[in-house]
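The sequence lines fix the lettering, A, B, ..., with proteins before strands; numbering per chain opens at 1.
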2 protein chains.
Amino acid sequence: MAPSDITTRARIRDAAIEQIARKGYGVSMRVIADAAGVSLGLINHHFGSKDGLRAACDDHVLETIMNVKSETMRGGAVAAMAALGKMEEYVNPTAYCLRAIAAGGDVAQRIVDHFVADAKAWVGEAVADGTLRPSVDEEARIRLMTLQGFGAMQLFLSQRVGSADAELGPAGLNALLDDYLNEYGLVMLEMYTFGLFASSDMFDAFRAAGPNPRATTTEEH
Amino acid sequence: MAPSDITTRARIRDAAIEQIARKGYGVSMRVIADAAGVSLGLINHHFGSKDGLRAACDDHVLETIMNVKSETMRGGAVAAMAALGKMEEYVNPTAYCLRAIAAGGDVAQRIVDHFVADAKAWVGEAVADGTLRPSVDEEARIRLMTLQGFGAMQLFLSQRVGSADAELGPAGLNALLDDYLNEYGLVMLEMYTFGLFASSDMFDAFRAAGPNPRATTTEEH
DNA sequence: TAGTGAACTGAACAAGCGTTCAATCACGGA
DNA sequence: TCCGTGATTGAACGCTTGTTCAGTTCACTA
């Protein structure tokens with residue numbers, strides 16, 4: 001796509017998304033202006049303020065991610081991010097999402113919620129056809145696994161990349177996702193297949209003593 | 001302990017640890033100086049620079065955490081943080097650790113490494129006495145569970161607390177840990193007890209196709 | 001008692017940040 | 001052709017940041 005095929009406003013927004021994906025939300029507007037090839041004042045002319053620019057970036061990335069075919073999402077947060085990070089058109093949105101999740105707040109919440117909502121559908125199917133075991137609290141299980149999936153990846157990233165503001169380019173992101181799956185893919189599957197405890201004593205005790213779960217099924221294990 | 005029982009240097013360091021625990025590493029030196037009741041210049045007199053102060057805080061918190069009895073650590077990252085956060089003397093170091101983990105880099109690495117090293121011992125025992133199942137790669141399994149434990153808690157925190165720099169006091173930390181266990185404790189145990197997949201097809205396929213794990217045992221499931 | 005050095009302060013500094021704004025440029029309609 | 005409106009620039013502003021430093025206080029020692 002030639003540079004002139006796209007609005008200046010969109011070009012600024014895309015440059016901002018790429019810079020934030022690479023360096024985090026702390027990146028200065030002057031760096032973004034340079035990357036977009038425009039002056040500092042023009043950004044404020046189009047977006048009003050840094051917050052305005054950030055909001056526009058957030059919205060655009062979220063819209064992009066939400067339009068990804070649900071098929072790609074199957075397998076949960078980790079598999080989805082790994083798949084998206086490999087596609088050139090999605091590498092910036094993917095890295096941007098990781099930055100947004102690290103920063104916390106509203107966007108992180110919305111990203112997690114989107115993945116949870118998406119997972120509910122296919123997990124429901126998988127439970128119905130017997131591929132996955134049912135849960136005492138399906139919503140909580142899905143949400144926990146999403147938090148664990150994103151969270152572990154996040155930590156792996158922030159340790160590998162140095163500080164939280166260190167630069168992370170497309171190549172770095174791909175290497176990172178590869179390494180993550182190579183190192184932990186097998187034990188992740190092992191964990192999800194056999195669990196950790198040899199007996200259900202702990203679970204039974206906690207279930208008997210703890211507060212009532214908002215049970216979605218009464219199925220027995 | 002009366003204020004005069006402790007050196008000024010230590011008082012500054014402790015104030016810095018508390019402020020960083022509450023507000024994150026981004027907190028300004030002027031805020032720390034106010035909290036410690038000293039002038040801005042004195043901090044630089046004692047610590048040379050902001051980095052120097054941060055290093056001193058990092059070291060002190062790490063030393064504190066590492067001296068916690070291994071008994072408290074049993075149960076992994078989540079259980080340990082929940083237990084430590086409840087003890088008044090450890091509430092600041094605990095919150096500080098969460099901030100450090102969020103910030104990434106060297107300290108995060110050292111904290112995770114410490115928990116992993118500690119877990120190796122008691123997981124080894126638990127596997128030996130039949131409480132926990134053995135793994136195809138014990139080191140990776142422990143590390144993954146530590147990353148997942150910290151990571152999920154981190155995400156839960158950053159979503160609940162708003163932005164990553166939002167204030168988090170001792171009361172907030174405790175409420176947060178309680179809520180986390182209430183919401184996810186049961187499904188966490190369920191997950192660790194029964195796993196997720198109904199069959200071992202996925203695991204077997206991945207194990208057959210994937211690269212050789214750095215297997216520590218050749219036990220069969 | 002005089003002197004020495006560490007603890008400590010307050011003011012100033014340079015650099016970076018987001019924001020503002022007057023001035024220019026380009027271009028389509030009257 | 002002229003005019004007006006939106007795009008665009010560059011310089012400046014105010015604020016906050018970490019850092020520096022000359023000067024003051026004060027306890028201890030020779």
Legend entry - Chi angles and distances behind the salt bridge (Lys or Arg N to Asp or Glu O under 4.0 Å) call for B/Arg9, B/Asp14: CA-CA 9 Å; B/Arg9 192 189 141 94; B/Asp14 290 348; over 6 Å; no
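What separates CD1 of B/Ile32 from C1' of D/dT16 is a distance of 15 Å, to the nearest Å. Rounded to whole angstrom, the span from the CG atom of B/Asn44 across to the P atom of D/dG18 amounts to 9 Å. If you measure from atom CD1 of B/Ile43 to atom P of D/dG18, you get 10 Å, rounded to the nearest angstrom.
At a threshold of 4.0 Å, the pair A/Lys120-A/Glu139 counts as salt-bridged, since one of the basic side-chain nitrogens sits closer than that to a carboxylate oxygen. Using a cut-off of 4.0 Å between Lys/Arg side-chain N and Asp/Glu carboxylate O, B/Asp137 and B/Arg143 are scored as not salt-bridged. The pair A/Asp179-A/Arg160 counts as a salt bridge, with a side-chain nitrogen and a carboxylate oxygen less than 4.0 angstrom apart.
Between A/Met81 and A/Cys97, the shortest heavy-atom contact is CE-CB, 3.9 Å. Taking each heavy atom of B/Leu177 and B/Ala82 in turn, the nearest pair found is CD1-CA, 4.0 Å.
Near DNA chain C, meaning a heavy atom under 4.0 Å away, the residues from residues 20-31 of chain B are B/Arg30. For the segment residues 45-59 of chain B, residues with any heavy atom less than 4.0 angstrom from an atom of DNA chain C are, sorted by number, B/His45, B/His46.
The outermost nucleotides of DNA chain C lying under 4.0 Å from heavy atoms of chain B, listed 5' to 3', are C/dA7 to C/dA12.
Between the side chain of B/Arg22 and the main chain of B/Glu167, no donor-acceptor pair closer than 3.5 Å is present.
Put simply, the side chain of B/Met87 reaches to within 4.5 Å of the side chain of B/Thr72, judged on heavy atoms.
Of the options B/Ile111, B/Val107, B/Asp106, B/Leu53, a side-chain contact (heavy atoms from CB on, under 4.5 Å) to B/Asp58 is made by B/Val107 and by none of the others.
By the 6.0 Å and 45° rule, A/Arg54 stacks over the aromatic ring of A/Tyr25.
Each of B/Thr8 and B/Leu40 was matched to the nucleotide of DNA chain C holding its nearest heavy atom; the match closer to the 5' end belongs to B/Thr8.
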